[in-house]
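First comes the structure, then the notes that go with it.
Sequence lines set the chain letters: A, B, ... in the order given, protein chains first and strands last, and positions in each chain run from 1. These values consider heavy atoms only, across backbone and side chains, with no hydrogens, waters or symmetry-generated copies.
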Amino acid sequence: MTAEHSEPTSVAHRSTRLGAQGEPLMRIRDLHVEYATRRGPLSAVDNLSLDIYRGEILGLVGESGCGKSTLGKALMRMIQPPGQITRGQLIFDGVDLMTLPETEMRKVRGARISMIFQDPMTSLNPVQRIDEHIIEAIRVHQPEISRREARRRAVELIERLGIGAKRLEDYPHQLSGGMRQRVMIGLALALKADIIIADEATTSLDVIVEAKFLDLLRELRDELNLTIILITHNIGIVAELADRVVVMYAGRVAEVADVDTLFHYPKHPYTQGLLKSVPNIDLDGDELYRMPGSPPNLIDPPGGCRFHPRCPQAKPICAQREPALAAVSPAEGEPTPHSEHLVHCWLYQEHE
Amino acid sequence: MILTFQSLCIGSFGLIGLFLLYAIAKGSPSLRSFIITRVLLTVPMVWILVTVVFLFMRVLPGDPIKSRMKPGTDPTKIARIREQLGLDDPIYVQYVNYLTGMVRGDLGVSIVGEERPVAEQIAERLPATIELVIPSALLMLIFGISSGAYAANKHKKPPDVVIRLGAVFIYSIPIFWMGLMLQLVFSRRLGWLPVAGRISPDIPLDRHTNILLIDSVFTDQGVQAVLVFLLVFVGLPLSRIWGGVVRRYLPDHPSSEWLEVWAGRIHMVVILALVFLISLTLRPNWTALENVLKHLVLPMVTLSLALVGVFVRLTRANMIETLQEDYIIAARARGVPERTVVYVHALRNTFIPILTLIGLQVAILFAGAVLTETTFSWPGMGLMLRDGIALRDYPRVQGGVAAFAVLIAITTMLMDILYAFIDPRIRY
Ligand SMILES: Nc1ncnc2c1ncn2[C@@H]1O[C@H](COP(=O)(O)OP(=O)(O)O)[C@@H](O)[C@H]1O
Ligand SMILES: [Mg+2]
């Protein structure tokens, strides 16, 4: 882990956003996260490996309870007890974050990886003014910056996000939900973090504010070459914004593909079910598809593929052994995907 | 001599008034109207309180006159005394007299022993009670809040368990028993501290204010006291204006940036240096000061222990809750150091509900003061009340309780306003 910021990559690099080319900004390997519960350990993230590339917007979707937030927090080592990262590597910019002492990890949080939380109403300190929030965020990591300079940056930042500088003197409750969420982005951007994790960041906003917020995210990504991990259960947002999509099920990755491929040619039965159950206004009153069953209890998950009890195409092997997360090639007549298409399913793998 | 109890009272009320004006001027319109309503509401509140005291005194069993006369006293003599005291008037006349007297600061005259005006007795006793209550409240707050916050930070670990059990234990001890035990151990057995009273009778000390700590520090002219008071309460807060002044009137330049930060600090240092210089001209009465402090320790500890349990538990519970809040987790995710997260962000939010509790506990604090004064023969209002009750000195009890009621009403009002002032979320 290094203290110096790596320069934002050039525009040339950005065009490769969709490809799995280049060195990943973050490599997650064999990540396990468990929550200690009264009825035993709950495996919320199980043996998860994933690469994240600079400049991409990575959608992370799945039913609630499948471990999206846990994964997001784990990337910053922000899992609170009773949770714990029990195993795995988080190689960020060449350094395994898991090996860093807490004091070093603190320097990564907010400065290099930031998080935008779900509820902008409760994520700002009610007795702290907006400018104090931003000044603190800057000075915690760069104490050599004077308060005045930090304030000047806060003004710049907040105006960039479309909020008047006068609002800096306000307390959080004086701002609207949309403004607060923009302040949250401001806080995440205050130090030009490389990765921004937005966990259900628009859930509490109304549609119009949400749309503006998403536009803003995209603009900022284009302008600053940010890497954004967009955690959501709203498939529509992902379709709209993400470059690549990770579908999670029961603490594991079910499928990874670029957004076009995933939406047009989903491979995993879970992804297919998930896409079918998205409401569509064009539909003429058709019953919405409802996936049978519900996500498993992660204290005692099903063996083999965790999806097999709900899977319409399950085979005997599915209950016995876990498939690998392996690349699939496009079927006849399907275009070549823009990035590696990975599926965690026996349907696409050889077995005896 | 400028420094008297009266001038102290005027000074404190002046400060309170300044604070209220400041809050009204600076606050939002809603805060402004809240403050004004709250201040105005205190008047009917005090009125209800003194009325309750009045009615309560009338329904108490026992006849104050008969009980102090020898049996077989001439009934005409009793009747004459009753008339003198106005006790044979219809109750509403008595009530009106009582209220009008109170407005004029006349609380009647003791009918037992030395027949002195009750207001005069209160003025004499109040400083002692204040000298007991304020240090006890401070001790309790500092101790209660810090150990509560510490326990919350060590949630479910051994220090938390120890503090929690300790708080329950202390809370469940009756206050007079605690006082007696402390007396037994520290005064009788160990002989470290005096058993009772405020000061040994053989120590000479001029009483200007009758708050003995102040009297023994400021032995001669009160000028220094007034200067120190002004410097600390007016001069120190003024150091905050520099940031604004520099920002507004000086050009953007590195040196003005330097000034913005340092002008305030230099200002503070100058003020503190002045306070220090003034303190050099003081001629404190060291023997008296030491003696007074020694007398203060046990009653102060007793009274603060009586209430500290509540504050420990409240701070702890609130803090544990606050530490789960999203904004705390968000602050951590921003890389704010854990210590700042806990002792700045969380504690600042925890402090607000605590402030309301202080307001609610003021009444209990004064009740505790009565018990503590009784245990330690501390010649304050509590002891005065106890004696009044024992002697059935009607006016004295009535006046004393009414004075307590007014004190409590004012303190509660101030706490409410401070709460509204500090918490930016409060909108009435
Ligand atoms: N603090 C916790 N204690 C115990 N279990 C938890 C805790 N937080 C999350 N979990 C469990 O971990 C799993 C994943 O949760 P989460 O990451 O919040 O899912 P998502 O964000 O996808 O809805 C769920 O089964 C949830 O019950
Ligand atoms: Mg979640």
For A/Val140 versus B/Pro337, what's the shortest heavy-atom pair and its separation?
CG2-CD, 4.1 Å
Best-contacting candidate, A/Pro172, A/Ser123, A/Ser114, A/Ser146, against chain B by heavy atom pairs under 4.5 angstrom:
A/Ser123
A/Glu136, A/Arg77, A/Met76: which one forms the most heavy-atom pairs within less than 4.5 Å of chain B?
A/Glu136
Working to the nearest 0.5 Å, report the span between [atom1] of [X] and [atom2] of [Y].
X	Y	atom1	atom2	result
B/Tyr327	A/His133	OH	NE2	9.5 Å
B/Arg334	A/Leu187	CZ	CG	4.5 Å
B/Ile328	A/Thr122	CD1	OG1	11.5 Å
A/Asn125	B/Asp326	CG	CG	11.5 Å

B/Glu338 bridged to A/Arg109 by N-O distance under 4.0 Å:
no
More than 12 heavy atoms of other residues, nucleotides or ligands under 6.0 Å from [atom1] of [X]: yes or no?
X	atom1	result
B/Phe19	CZ	yes
B/Arg348	CZ	yes
B/Tyr343	OH	yes
A/Glu159	CD	yes

Between [X] and chain B, which part of the residue has a heavy atom less than 4.5 Å away: side chain, backbone, both or neither?
X	result
A/Gln80	side chain
A/Gln128	both
A/Arg151	neither

Considering the options A/Met78, A/Met115, A/Lys73, which one meets the side chain to side chain contact (heavy atoms under 4.5 Å, CB included) requirement together with B/Ile329?
A/Met78
Where do B/Arg332 and A/Glu102 land on the salt bridge (Lys or Arg N to Asp or Glu O under 4.0 Å) test, with the steps shown first?
CA-CA 12 Å; B/Arg332 286 200 186 109; A/Glu102 183 57 28; over 6 Å; no
